[in-house]
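Each remark here refers to the structure printed beneath this line.
Predicted, not measured: the structure shown is a model, and the values here were computed from it.
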Amino acid sequence: MEEVKMTRRFAGFLLAVAAFMVFEWINLGFNLADGHPTAFYVVHGVLIAVNLVLAAVIGVAGWRAWRGHRPSGPHTSPPSRAETVNDRFAVDHAPVGAFSDSVAGTCEPLKAPGQG
């Protein structure tokens with residue numbers, strides 16, 4: 001399974017949504033007026049519980065993504081822009097027609113597998 005990466009801005013957005021959900025549903029729970037049938041309170045209690053669980057899940061995902069953007073060590077700095085661009089466009093294999101071992105000066109053309 002491929003790792004999913006999230007921007008720090010989106011992680012902050014998830015944290016804000018989770019905090020808002022907690023505030024909103026706890027506030028609703030305290031503001032429910034008396035005089036409703038029991039079913040009204042049961043339904044709203046279930047809604048509050050489900051939304052608080054969702055807020056916790058969203059908050060944990062946001063928190064993990066937020067912390068994932070921190071450097072791992074005390075003296076670790078983020079990669080420079082040049083390192084990031086070079087890593088992004090790195091090629092694992094030589095292009096067709098390239099010469100192998102050109103540093104050593106042999107300049108032999110690459111051969112396809114099975115050509116000896």
Side-chain angles (χ1 to χ4, degrees):
M1 191 173 232
E2 189 175 323
E3 182 179 334
V4 177
K5 296 194 179 195
M6 189 182 309
T7 65
R8 194 170 176 98
R9 178 182 284 177
F10 191 72
F13 172 74
L14 288 181
L15 290 170
V17 167
F20 175 76
M21 288 175 71
V22 169
F23 171 76
E24 175 189 17
W25 285 99
I26 289 178
N27 191 31
L28 175 71
F30 284 119
N31 288 333
L32 290 176
D34 291 333
H36 293 283
T38 304
F40 175 85
Y41 293 111
V42 170
V43 168
H44 282 83
V46 169
L47 286 173
I48 291 169
V50 167
N51 278 282
L52 290 177
V53 169
L54 287 173
V57 170
I58 291 170
V60 167
W63 180 251
R64 286 183 178 175
W66 184 269
R67 286 180 45 96
H69 285 280
R70 283 196 305 172
S72 59
H75 302 292
T76 305
S77 61
S80 69
R81 174 140 173 83
E83 290 172 335
T84 305
V85 170
N86 288 338
D87 291 342
R88 186 176 300 152
F89 294 106
V91 178
D92 294 334
H93 59 280
V96 176
F99 293 94
S100 65
D101 207 10
S102 60
V103 175
T106 58
C107 296
E108 297 176 12
L110 292 176
K111 297 178 182 174
Q115 288 186 343

key: Where G62 and A11 come nearest, the two heavy atoms and their spacing   = O-CB, 3.6 Å
Show me, pair by pair, the donor-acceptor contacts under 3.5 angstrom made by side chains of residues 42-59, not counting sequence neighbours?
{"from": "H44", "atom 1": "ND1", "to": "F40", "atom 2": "O", "distance (Å)": "2.9"}
{"from": "N51", "atom 1": "ND2", "to": "L47", "atom 2": "O", "distance (Å)": "2.8"}

query = Between CG of L15 and CZ of F20, what distance do you get to the nearest 0.5 Å?
reply = 15.5 Å
inquiry  = Run the side chain to side chain contact (heavy atoms under 4.5 Å, CB included) test against V17 and tell me which residues pass, sequence neighbours left out.
reply    = F13, M21
ask   = If you draw a 6.0 Å radius around OH in Y41, do more than 12 non-hydrogen atoms from other residues or ligands fall strictly inside?
value = yes
Do any side-chain atoms of residues 23-37 form donor-acceptor pairs under 3.5 angstrom with protein atoms, and if so which ones, sequence neighbours left out?
{"from": "N27", "atom 1": "OD1", "to": "N31", "atom 2": "ND2", "distance (Å)": "3.1"}
{"from": "N31", "atom 1": "ND2", "to": "N27", "atom 2": "O", "distance (Å)": "3.2"}

